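Values in this document were obtained by computation on a predicted structure and should not be read as measured data. The first residue in the sequence is number 1, and the count goes up from there. Just follow the structure's listing: the first ligand is 1, and inside any ligand the first atom is 1.
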Amino acid sequence: MPRAHAKEWQLDRDRLAGLLEQEERRFVDEHPESRRLFEQGEKALLAGVPMPWMTEWAGPFPVFAASAEGARFTDVDGNEYVDLCLGDTGAMTGHSPPPTVSAVAERAGRGITLMLPTEDASWVAAELGRRFGLPRWQFALTATDANRFALRLARAITGRPKVLVYAWCYHGTVDESFAIDVEGETGSRPDNIGPPVEPAVTTRAVEWNDIPALERALEPRDVACVLAEPAMTNAGIVLPDDGYHDALRELTREHGTLLIIDETHTFCAGPGGYTAASGLDPDLLTIGKAIAGGIPAAAYGMTEEVSERIDEYLDTLGTSDVGGIGGTLAGNALSLAAARATLEGVLTDEAFAHMIEMAERFEAGVNEVIASHAVPMNSVRLGCRVEYHFQASPPRNGSEAVAADDHVLGRFMHLHALNRGILLTPFHNMALMCPVTTEADIDRHTAAFEEAVGTLASLPSA
Ligand SMILES: Cc1ncc(COP(=O)(O)O)c(C=O)c1O
């Protein structure tokens, strides 16, 4: 059950609504060209945007981007922003990093996709192996696909039907993962669009950090794999309790269940993600988004033992081209050239050291503001990613994080920041650093955050 700390901040809701309206008016005034493009888009696009979630940005319409470079972008009205969203991790490299751009331009002139391997494939696989500690790799175009393929393979080689995920996790549009824990039973997330089957058929969902619940869920020995972010990042950042990963690894081994670690977001913890930073030992690992600097590319790695079991399984099939693991463009020459250049020249050890330093500065700034106004908020940092929550103490699982969400307050904070030239990750209050984020970028956020929280703290309580 969520702890009873949700909505601790008893703000005067009418006054908050008034502040939000004020920010909306300013936004509309300062974005006439974005508005025109949005209205034009409404004639040909569903909801006026290329993807439905783009309607969920704070503000009556989304900002239309004109160009982006490094840690900044400019919109079609000429406003410049510090980008702390960074394409929700796809641009954790900074926008258009020069090594990736050069490699892409060079490779694009020599063949983009061939259905044949290129030398870059083995270079990237070896580098991922060095970073994440797993010897064998395969490629996909999106982290969603990497997860889908890992789940299929786990079911195939264990001969078990179910997967286990954490309530309120997000692993991309993977059908099996849209499950939550409803008083001990697995149910569908309320926002699950057209599920093929009830998630309870395919999935068991438990709360993060609940070891007895994990043990109960694995007990029937019908769970092929656990699919887990090593720290939750999609219901806000929810860190593992001390010892949780040891228990997870022990219990999965004890019950013959494979452990898949999804590093797509937690790559922010360091050059080898959370896995290397914390010495995890998964059976499979998935990653996407940033590994090719924003060019679509994803990968999944596995132990020698898992790879042998997969080889044996595939031998029994005799073919693997239409078996549910595929993608004509997966592993294409362009994606792999981009991934090689990104891993070799952009997301380096030195880059991570700088990114983490910037995140520490961001965290310190936010914490100082929270303390000075004595507001019930907290912040959590994971490597170069920081999140603030509207509750006095950090959540311990997905349900607690979701229960503490405050839609109107969040919208106000996002729009307030946007109007002062700062883009935060939508849907939650998350900031990500890239290799060229500067101290001045961070301080600009801290100043805006101080202004917003100061204004809110001066409102009378409800
Ligand atoms: C942890 C995690 N895994 C996988 C994905 C899916 O990535 P993509 O949408 O690029 O397929 C996401 C997307 O947010 C994610 O957060």
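- Of the possible polar contacts, one joining the N397 side chain to the E400 backbone as a donor-acceptor pair under 3.5 Å is found.
- Distance from atom 3 (N) of ligand 1 to its nearest protein heavy atom, with residue and atom name: D262 OD2, 2.6 Å.
- When each atom of ligand 1 is checked for a heavy atom of E229 under 4.0 Å away, the hits are 1 (C).
- Near N147, the atoms of ligand 1 lying under 4.0 angstrom from a non-hydrogen atom of the residue are 3 (N), 4 (C).
- The line from CD1 of I310 to CG of L284 is 6.0 Å long, rounded to the nearest 0.5 Å.
- Heavy-atom contacts of N234 reach the following atoms of ligand 1: 1 (C), 15 (C), 16 (O) (cutoff under 4.0 Å).
- Annotation for ligand 1: atoms under 4.0 Å from non-hydrogen atoms of H265 are 14 (O), 16 (O).
- Taking the six-membered ring where the residue is Trp, H95 and F73 present perpendicular rings, their angle passing 60° and hence far from 30°.
- When the side-chain hydrogen bond (donor to acceptor under 3.5 Å, both in side chains) test is applied to R444, no partner is found at least two apart in sequence or on another chain.
- Nearest protein neighbour of atom 7 (O) of ligand 1, counting heavy atoms only, is A143 CB, 3.4 Å.
- Closest to atom 9 (O) of ligand 1, if we only count protein heavy atoms, is T144 OG1, 3.8 Å.
- With R148, M232, H171, E263 as candidates, the residue nearest to atom 4 (C) of ligand 1 on a non-hydrogen basis is H171.
- Classified by interplanar angle (parallel below 30°, tilted 30° to 60°, perpendicular above 60°), the ring pair F61/H31 is perpendicular.
- Between H445 and F449, the angle of the ring planes stays under 30°, which puts this pair in the parallel group of the 30/60° scheme.
- Close contacts of ligand 1 with G172, meaning ligand atoms under 4.0 Å from a residue heavy atom, involve 4 (C), 5 (C), 6 (C), 12 (C).
- Taking only nitrogen or oxygen atoms, main chain and side chain alike, K289 reaches within less than 3.5 Å of ligand 1.
- Closest non-hydrogen pair, L134 versus W137, comes out as O-NE1, 2.8 Å.
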